[in-house]
Amino acid sequence: MLEGHDIVCISSIDWDFIWQGHQQIMATLAERGNGVLFIENTGVRRPRLADLGRLRHRLSNWLKSTKGFRKERENLYVFSPMILPFPYSRLARLVNRLILMRAIRRWMRATGFSRPLVWTFLPTALALDLLLELDPELSVYYCIDDFASSSVQARKIREAEERTFRAVDLVFVTSEKLRARAAGFNERVHLFPFGVDYAKFETARKTDGPEPHDLSGLPRPIIGYVGGIHQWVDQRLLAEAARRLPEASFVLVGPVQTDVTAMADCSNVRLLGGRAHRDVPRYMKAFDVAIIPYRLSDYTAHVYPTKLNEYLAMGLPVVATDLAEIRRFNADHGSIVAIASDSQGFADSIRAALPKASPEETARRIDVARENSWDSRIARMSDLIEARLAARRQSEGNWEETLRALYRRTRRRVIGAVATVGAVYLLLFYTPLAWFAAAPLDASAPPVPADAIVVLGSGVGESGRGDQSYEERVQRAVDLYRAGRAPRIVFSSGWGWTFMEAEVMRAL
């Protein structure tokens, strides 16, 4: 595993948010002696009214810290930046880049951080700016979501993400669909679904103790879910399954992040809210069946549920909707998860999973979770990073070839720029392209009888010669007058050159 490096993590979530791979990876690397700066989420969309609580929490963290920086644990520091909340504004991006880089560089000088590894979970233009300006020894993008399909605003992220894929040294992804997409931009793409802190869940599974107080007394069986109650949770499916299993208690442990009125009239559905990460295994231990009730969409087609291996580490039977990554997981591990495509099938699968499993079935689930532990995941990631670092150092050692390559690259860029400028010049000045492009602006109509003909001064005439513009229009007006189109001509000057126009009028 990586040791002795300085690492800057650009996270897509805050440190205090639901514990996920972001915190787990960086906490593990910090435990192994790496210095870690964890930069909290800088945003993929404009804030909404529902985000006020998160914004207050960010402000509170900043005020309690030293200029936004705080030491969270040994070797691990968290930065809660205060920036302009407009991720797709060019001006805001420029201002935010200056704010962030100034703060990060000062912190690096204060702590002795030197040329770090940069590990980003966020593919925004601002995150890419930070990655490039930090001049990392090596860069990693861990692509865990299809951000572009998560919301209408976030669709603007696609171009920045493609640039991020190309810019980094290594790409890690959590699903096959994400790998297929990333492979179009980078040849060093590796599949690493989120894992499980196996040792912690094993300890909880083997430790006797009272179940959480808010679960005691609930009717059995308990059908449990752990995670955010967000827009991707299929509330309609959950409500219908709860009605089909009135004797069961459906318990959802996690912060409510969306409207939950679809489940409001289900008396056997309990929303317990968020719980500390250290307490999550105790809640899971009290479940009889664990569920992953996600809606099917473009977004969830790329999702590998973090909680899957946590459920299995507790030996629980798991029922899930028909997600692509669940199907792939079953293909790898022998149909260990029950999959249902509708509420009836979901309820039937839960009912089928309720009888107590044999010791062999429980042990098989635990073994699968052990294979997918975070320790093994991070160790394999570390091997790839070390190998890439070694290859880079070897290539940097051959300075003559590196210098030649830099000159070749610069020469290609200069030739490309000159060719582009030349092509644009030829198109604009030696082809009719500009006239074709301006054709929609050319409006004309046949002259009709009127009360007066008005001649406007200044501007450019139809010949394109500025010195003859007014004279051209005067001549046109005279022709129309002689043809009987109007009984009078009115001259109007847009400039102060009245003497020149007076001469024209006198000549008429």
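Remember, predicted model here, so these are calculated numbers, not experimental data.
Residues Ser373 and Asp375 have side chains that never bring a donor and an acceptor to within less than 3.5 angstrom of each other. No donor-acceptor contact under 3.5 angstrom links the side chains of Trp15 and Glu40, judged on distance only. With no hydrogens or angles considered, no side-chain donor-acceptor pair links Thr124 and Arg93 at under 3.5 Å.
Classification of the Trp107-Phe69 ring pair by plane angle, with boundaries at 30° and 60°, yields parallel. In this structure, Trp119 and Phe172 have perpendicular ring planes: the angle between them is above 60°, well past the 30° mark.
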Ser11 vs Asn41, test: side chain to side chain donor-acceptor pair (under 3.5 Å). Steps then yes/no. CA-CA 5 Å; Ser11 177; Asn41 187 16; over 6 Å; no
Run the side-chain contact (heavy atoms from CB on, under 4.5 Å) test on Tyr283 and Leu272 for me, step by step, so that the C-alpha distance in whole Å, both residues' side-chain angles and the decisive distance to 0.1 Å come before the verdict. CA-CA 11 Å; Tyr283 281 87; Leu272 302 188; 3.8 Å; yes
Worked check of side-chain contact (heavy atoms from CB on, under 4.5 Å) between Met284 and Phe201: CA-CA 9 Å; Met284 288 187 181; Phe201 283 84; 3.7 Å; yes
Assess the residue pair Leu138 and His5 against the criterion (side-chain contact (heavy atoms from CB on, under 4.5 Å)); give the C-alpha distance rounded to whole Å, side-chain angles, the decisive distance to 0.1 Å, and a yes or no. CA-CA 11 Å; Leu138 184 129; His5 291 276; over 6 Å; no
Where do Asp342 and Leu237 land on the side-chain contact (heavy atoms from CB on, under 4.5 Å) test, with the steps shown first? CA-CA 7 Å; Asp342 56 28; Leu237 178 141; 5.8 Å; no
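Note: Phe194 and Tyr142 meet the aromatic proximity criterion, with ring centroids under 6.0 Å apart.
Without hydrogens or angle criteria, Arg73 side chain to Glu31 main chain gives no donor-acceptor distance under 3.5 Å. Here the side chain of Arg377 pairs a donor or acceptor atom with the backbone of Pro193 at under 3.5 angstrom. Checking side-chain atoms of Arg188 against main-chain N and O of Asp169 turns up a donor-acceptor pair under 3.5 Å. Looking at Asp322, its side chain never comes within 3.5 Å of a backbone N or O of Ala340 through a donor-acceptor pair. Checking side-chain atoms of Gln231 against main-chain N and O of Asp259 turns up no donor-acceptor pair under 3.5 Å. Proximity of a side-chain donor or acceptor of Tyr311 to a complementary backbone N or O of Ile291 within less than 3.5 Å is detected. Judged purely by atom type and a 3.5 angstrom limit, Asn75 uses its side chain to pair as donor or acceptor with the backbone of Ala30.
Rounding to the nearest 0.5 Å places CG of Asp145 at 6.5 Å from OG1 of Thr174. Taking CG of Asp14 as the start and CZ of Phe38 as the end, the distance is 7.5 Å to the nearest 0.5 Å. The OH atom of Tyr294 sits 9.5 Å away from atom OG1 of Thr300, with the distance rounded to the nearest 0.5 Å.
With sequence neighbours excluded, no residue forms a ring-ring contact (aromatic ring centres under 6.0 Å, His included) with Tyr225. Taking the salt bridge (Lys or Arg N to Asp or Glu O under 4.0 Å) definition, one finds that Asp279 meets it with Arg282, sequence neighbours left out.
Arg158 and Glu161 are not joined by a salt bridge, as no carboxylate oxygen comes within less than 4.0 angstrom of a charged side-chain nitrogen. Ion pairing of Arg115 with Glu137 is absent here, as no side-chain N (NZ or NE/NH1/NH2) approaches a carboxylate O to less than 4.0 Å. Salt-bridge check for Asp383 with Arg380: failed, with every basic side-chain N at 4.0 Å or more from each acidic carboxylate O. The existence of a salt bridge linking Glu133 and Arg105 is confirmed by a sub-4.0 Å separation between a basic side-chain nitrogen and an acidic carboxylate oxygen.
In Lys67, the NZ atom is not crowded: 12 or fewer heavy atoms of neighbouring residues, nucleotides or ligands sit closer than 6.0 Å. Environment of NZ in Lys200: crowded, with over 12 heavy atoms of neighbouring residues, nucleotides or ligands closer than 6.0 Å.
Annotation: salt bridge (Lys or Arg N to Asp or Glu O under 4.0 Å) contacts involving residues 295-307, sequence neighbours excluded, are absent.
For the residue pair Val318 and Val337, the shortest heavy atom distance occurs at O-CG1, 3.6 Å.
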